[in-house]
Trainee: 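Attaching a single structure in structure tokens format; questions to follow.
We use all heavy atoms of the structure for the numbers below, so side chains are in, but hydrogens, waters and symmetry mates are not.
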Amino acid sequence: QVQLVESGGGSAQAGGSLRLSCAASGYRYCMGWFRQAPGTEREGVARIYTGSGSTYYADSVKGRFTISRDNAKNTLYLQMNSLKPEDTAMYYCAARRSSWICGLSVTDYDYWGQGTQVTVSS
């Protein structure tokens, strides 16, 4: 079983920064960050393999967001810089236990956190 608890959401001005954290328990093969704005589908933002540290980003955040993990602290991070109003959404941490290709699809992950709200004003 994997448990995930996000923190670090809040409000920021456009151009500002926020850092999200996800405290995890249980083994995870890969982890990801997703977001969902009202009336839209949940979309993948970034993912990381917990072993190799290999990362992958959605085009919309590439160069602005950085996903990282601290395995000793069992914590996943998402550093968000140069924030835009369109980044406003509920952000979710996700994890997969089994070894398989991990992308940015919702179906690639088995466990989800409760979400943390990010609001960016112009």
Side-chain angles (χ1 to χ4, degrees):
Q1 192 75 1
V2 177
Q3 293 186 322
L4 305 170
V5 179
E6 301 98 334
S7 62
S11 298
Q13 296 271 340
S17 298
L18 286 172
R19 189 174 83 154
L20 306 183
S21 299
C22 174
S25 64
Y27 172 76
R28 294 90 54 204
Y29 176 68
C30 62
M31 298 187 73
W33 286 100
F34 287 74
R35 65 186 182 187
Q36 188 170 19
T40 69
E41 292 186 353
R42 193 169 296 189
E43 65 170 349
V45 173
R47 73 95 173 107
I48 187 167
Y49 286 103
T50 56
S52 68
S54 173
T55 59
Y56 183 75
Y57 296 91
D59 288 343
S60 58
V61 304
K62 201 173 295 183
R64 299 189 298 121
F65 290 10
T66 302
I67 187 172
S68 63
R69 89 281 189 235
D70 185 330
N71 290 338
K73 295 182 178 180
N74 288 321
T75 303
L76 178 74
Y77 301 100
L78 185 68
Q79 178 66 44
M80 304 185 294
N81 298 329
S82 303
L83 283 163
K84 303 176 181 180
E86 51 263 45
D87 294 320
T88 296
M90 185 72 80
Y91 282 72
Y92 297 90
C93 172
R96 181 189 180 100
R97 289 197 64 178
S98 59
S99 302
W100 197 244
I101 297 172
C102 294
L104 294 180
S105 172
V106 169
T107 57
D108 290 340
Y109 299 87
D110 305 310
Y111 299 92
W112 296 86
Q114 82 288 350
T116 185
Q117 178 67 37
V118 170
T119 302
V120 183
S121 57
S122 58

Trainee: Count I, L, V, M, F, W, Y as connected when their side-chain heavy atoms are under 4.5 Å apart, and connections chain through other members. Are V106 and V61 then in the same cluster?
Mentor: no
Trainee: Using modelled atom types only, decide if a donor and an acceptor are shared between the side chain of N71 and the backbone of G51 within a distance under 3.5 Å.
Mentor: no
Trainee: Measuring only between side-chain heavy atoms, which start at C-beta, is Y57 closer than 4.5 Å to I48?
Mentor: no
Trainee: What do the steps show when you test Q117 against S11 for side chain to side chain contact (heavy atoms under 4.5 Å, CB included), and what is the final call?
Mentor: CA-CA 8 Å; Q117 178 67 37; S11 298; over 6 Å; no
Trainee: Could you tell me whether a side-chain N or O of Q36 sits under 3.5 Å from a main-chain N or O of A89, the two making a donor and an acceptor?
Mentor: no
Trainee: Atom CD of residue position E41 - does it have more than 12 heavy atoms of other residues, nucleotides or ligands inside 6.0 Å?
Mentor: no
Trainee: Please list all pairs passing the salt bridge (charged side-chain N to carboxylate O under 4.0 Å, His left out) test where one or both residues lie in residues 91-110, with sequence neighbours left out.
Mentor: none
Trainee: Heavy-atom distance under 4.5 Å between the side chains of M90 and P38, does that happen here?
Mentor: no
Trainee: Got a list of side-chain donor-acceptor pairs under 3.5 Å for residues 16-29, not counting sequence neighbours?
Mentor:
unit_1, atom_1, unit_2, atom_2, d
S17, OG, N81, OD1, 2.8
S25, OG, Q3, N, 3.4
R28, NH1, G26, O, 2.5

Trainee: For residues L76 and G32, report the shortest heavy-atom separation together with the two atoms involved.
Mentor: CD2-O, 4.0 Å
Trainee: For the residue pair T40 and A37, what are the closest heavy atoms and their distance?
Mentor: OG1-O, 2.7 Å
Trainee: Could you work out, with ring-ring contact (aromatic ring centres under 6.0 Å, His included) as the rule, every residue matching Y109, not counting sequence neighbours?
Mentor: F34
Trainee: Applying salt bridge (charged side-chain N to carboxylate O under 4.0 Å, His left out), which residue pairs with at least one partner in residues 72-91 are found, sequence neighbours left out?
Mentor: R35-D87, R64-D87
Trainee: Measure the shortest side-chain to side-chain distance between W112 and C93 over non-hydrogen atoms and say whether it is less than 4.5 angstrom.
Mentor: no
Trainee: Cluster question for you: counting only ILVMFWY and a side-chain heavy-atom cut-off of under 4.5 Å, with indirect links fine, are Y111 and V45 together?
Mentor: yes
Trainee: Given a cutoff of under 4.5 Å between side-chain heavy atoms of I, L, V, M, F, W and Y, with clusters grown through shared members, what are the other residues clustered with Y56?
Mentor: L104
Trainee: Which heavy-atom pair separates S122 from A14 by the least distance, and what is that distance?
Mentor: CA-CB, 4.2 Å
Trainee: Closer than 3.5 angstrom, by distance alone: can the side chain of Q79 be matched with the main-chain N or O of T66 as a donor-acceptor pair?
Mentor: no
Trainee: Can you list every ring-ring contact (aromatic ring centres under 6.0 Å, His included) pair that touches residues 70-93, not counting sequence neighbours?
Mentor: none
Trainee: Looking at CG of D70 and OG1 of T50, how far apart are the two atoms once the value is rounded to the nearest 0.5 Å?
Mentor: 12.5 Å
Trainee: I'd like to know if the side chain of T88 reaches the main chain of V120, judged simply by a donor and an acceptor atom lying under 3.5 Å from each other, with no hydrogens or angles considered.
Mentor: yes
